[in-house]
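This report refers to the structure that appears directly beneath it.
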Amino acid sequence: ADHDLVYPRAPQYMDWHPHYPQLVPAAAASSAAAPRVEFLDIGCGFGGLLFQLAPHFPTTLMLGLEIRVQVTAYVHDKIWALRLAHRRAQAAKRGEVEDAPAGEGVQGEGGDVTAAQGEGNGDAAAQQPSAGPSSPAQRPAKRAKGAKGAPVEPADDDELSEEDEREMNAQLVRGAGDVPGGYENISVLRSNAMKFLPNFFERGQLTKMFFLHPDPHFKRIKHKARIISQTLLAEYAYVLRPGGIVYTITDVHDLHVWMVGHLDAHPLFERIPDAELVDDPCVAAVWGATEEGKKVVRNKGDKWFQAYRRLPDPQCD
Ligand code: SAM
């Protein structure tokens, strides 16, 4: 159930500063000049895409949308662990403070961001959505239990493999090194991507949208729950700027056929031949960075990929 989800009345009421405190200054958060989210990972799961892309586009704001509370909290904690590890390592290099172990202080600055803002006015639409669960009391008990606060324990029991966990801890160590952008440009938001997108994003704001291993909803009766549909594509086309790119990948052939069928049929999207994407660092990340994608590789499954370009709006005379 997503009745507890909060969302802004309109994009201009969304304060992104708590999500990207080093890139979106508090005072400028609502100004038109403030940097805006450009990459959106729909159903980001454990966030593998964001973590891989962050250093490639260090000044581009990227956001993962995820509906599961514990998974969102997990990604949030991991982002903050990486940021803090990186900040401390940089400060230590400058001789400002003593080096601290990676991951310490997960509940510090980043912890504040999960506290609900605007709570108590009773108007869900007027509340400011948080990066994680809406209040500390609502946070799942099982989270961020790793030594020194590092989020080594996945929120969902069986979804993150030992291999993913090892990779994540290695990322924490790398986070303490020289990572362009220091993971300040990525964030996660608990939301239902099928509902409130125009509340968060202006028309034409996004440059990339990712649909990576979306839930397949196999049964015909459940197809309406699929994240790509003709109605939703109109909404995605609204928030994506002309020239922007939609990336899709899945190991479920039937879902691939469904997704490309809908995108091919939509007048505002055109297929991008793979040859045009050879220099795009997003493609490798789409194929290899996500936890679900890695699971498919472990199970020796196939993947189907297709990217689409958002076409310009038709001219009206
Ligand atoms: N993209 C990730 C990956 O490739 O590892 C996760 C894939 S997982 C199969 C699908 C994810 O989408 C789940 O984490 C699920 O909770 C999330 N999800 C499903 N419906 C959603 C919705 N309407 N809004 C936001 N997230 C959603």
Side-chain angles (χ1 to χ4, degrees), residues 7-8 10-12 14 16 32 34-44 49-50 52-54 56-57 59-66 185-189 191-215 226-250 255-287 289-290 293 303-317:
Y7 52 91
Q12 64 267 32
M14 179 67 194
W16 292 104
R36 302 192 299 178
V37 172
E38 286 197 29
F39 292 8
L40 189 64
D41 185 4
I42 303 268
C44 67
L49 181 89
L50 298 170
Q52 178 149 331
L53 287 186
H56 284 283
F57 304 90
T59 56
T60 301
L61 302 191
M62 309 178 197
L63 183 74
L65 290 185
E66 174 52 52
N185 58 328
I186 56 174
S187 190
V188 66
L189 180 77
S191 187
N192 184 343
M194 296 170 81
K195 289 193 174 168
F196 314 114
L197 285 193
N199 290 78
F200 288 101
F201 309 109
E202 309 272 1
R203 179 180 185 182
Q205 174 176 337
L206 304 178
T207 56
K208 295 181 189 292
M209 295 182 81
F210 299 90
F211 298 87
L212 312 185
H213 301 283
D215 290 335
R226 285 181 167 172
I227 203 88
I228 293 214
S229 68
Q230 227 47 26
T231 314
L232 287 168
L233 280 179
E235 210 159 273
Y236 303 150
Y238 174 82
V239 293
L240 190 64
R241 86 179 50 154
I245 299 180
V246 164
Y247 301 82
T248 69
I249 196 163
T250 177
L255 180 63
H256 172 69
V257 171
W258 168 280
M259 291 196 287
V260 297
H262 282 80
L263 279 151
D264 285 342
H266 199 284
L268 287 177
F269 292 98
E270 72 171 6
R271 278 189 193 222
I272 305 178
D274 289 353
E276 287 181 29
L277 294 167
V278 283
D279 296 327
D280 182 348
C282 296
V283 174
V286 165
W287 277 95
T290 76
K303 295 181 197 175
W304 286 273
F305 166 89
Q306 187 59 54
Y308 284 81
R309 186 176 292 110
R310 162 70 157 91
L311 292 166
D313 293 322
Q315 296 289 336
C316 299
D317 298 320

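Keep in mind that this is a model prediction, so the values were computed, not measured. For reference, positions follow the sequence shown, starting with 1.
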- In sequence, state the C-alpha distance, the side-chain angles, and the governing distance for Leu197 and Met209, and then conclude on side chain to side chain contact (heavy atoms under 4.5 Å, CB included). CA-CA 12 Å; Leu197 285 193; Met209 295 182 81; 4.1 Å; yes
- Query: Run the salt bridge (charged side-chain N to carboxylate O under 4.0 Å, His left out) check on Asp274 and Arg271 step by step: do they pass?
  - Reply: CA-CA 9 Å; Asp274 289 353; Arg271 278 189 193 222; over 6 Å; no
- Chi angles and distances behind the side chain to side chain contact (heavy atoms under 4.5 Å, CB included) call for Arg203, Asp313: CA-CA 12 Å; Arg203 179 180 185 182; Asp313 293 322; 3.2 Å; yes
- Thr60 and Glu38: CA distance, side-chain angles, deciding distance, side-chain hydrogen bond (donor to acceptor under 3.5 Å, both in side chains) verdict: CA-CA 7 Å; Thr60 301; Glu38 286 197 29; 5.3 Å; no
- Task: Mind running side chain to side chain contact (heavy atoms under 4.5 Å, CB included) on Val283 and Phe305 for me, showing each step along the way?
- Result: CA-CA 9 Å; Val283 174; Phe305 166 89; 4.2 Å; yes
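Considering CD of Gln230 and CG of Leu232, their distance stands at 10.0 Å, rounded to 0.5 Å. Distance CD/Gln12 to CG/Asn199: 10.0 Å, rounded to 0.5 Å. One finds the OH atom of Tyr308 at 11.5 Å from the NE2 atom of His262 (value rounded to the nearest 0.5 Å). Interatomic distance, CZ of Phe269 versus CG of Leu240, reported as 6.0 Å (0.5 Å rounding). A distance of 13.0 Å separates CG of Leu206 from CD1 of Ile245, quoted to the nearest 0.5 Å. From Ser191, atom OG reaches atom CZ of Phe196 across 6.0 Å, with rounding to the nearest 0.5 Å.
No side-chain heavy atom of Met62 sits less than 4.5 Å from a side-chain heavy atom of Asp41. Side chains of Leu40 and Phe200 form no contact here, defined as non-hydrogen atoms less than 4.5 Å apart. Considering only heavy atoms from C-beta on, Thr248 stays 4.5 Å or farther from Thr250 through its side chain. Pro11 is not listed as a side-chain neighbour of Arg36, based on a closest heavy-atom distance of 4.5 Å or more. Looking only at side-chain heavy atoms (C-beta outward), Leu212 and Val286 come within less than 4.5 Å of each other. Between Leu49 and Cys44 the shortest side-chain heavy-atom distance does not fall below 4.5 Å. Side-chain contact between Lys208 and Asp280 is present, with heavy atoms from C-beta onward closer than 4.5 Å. With a 4.5 Å cut-off on side-chain heavy atoms, Val37 and Met14 do not count as touching.
No donor-acceptor pair closer than 3.5 Å links the side chain of Lys303 to the backbone N or O of Ile249. Using modelled atom types, one side-chain atom of Trp258 and one backbone atom of Ile228 make a donor-acceptor pair closer than 3.5 Å. Asn185 places no side-chain N or O within 3.5 Å of a backbone atom of Thr59 that could act as its donor or acceptor partner. Checking side-chain atoms of Arg310 against main-chain N and O of Ala237 turns up a donor-acceptor pair under 3.5 Å. In terms of modelled atom types and a separation under 3.5 Å, the side chain of Gln306 and the main chain of Ile272 share a donor-acceptor contact. A donor-acceptor pair under 3.5 Å is formed between the side chain of Arg241 and the backbone N or O of Gln205.
Relative orientation of the Phe210 and Tyr247 rings is parallel, given thresholds of 30° and 60° on the angle between their planes.
Taking the six-membered ring for Trp and the full ring otherwise, Tyr236 and Phe211 have centroids separated by under 6.0 Å.
The two atoms that bring Pro281 and His56 nearest to each other are CB-ND1, 3.9 Å, heavy atoms only. Shown here for Pro312 and Pro242, the closest heavy-atom pair between the two residues is CA-CB, 3.8 Å. The shortest heavy-atom contact between Ser187 and Leu50 is O-CD1, 3.8 Å. Leu268 approaches Pro314 most closely through the heavy-atom pair CD2-CD, 4.0 Å. Closest non-hydrogen pair, Ala285 versus Gln52, comes out as CA-NE2, 3.7 Å. Residues Ile227 and Pro214 approach most closely at CG2-CB, 3.6 Å, considering heavy atoms.
Qualifying ring pair (Phe, Tyr, Trp, His ring centres under 6.0 Å) partners for Phe57, counting only residues two or more places apart in sequence or in other chains: Phe39.
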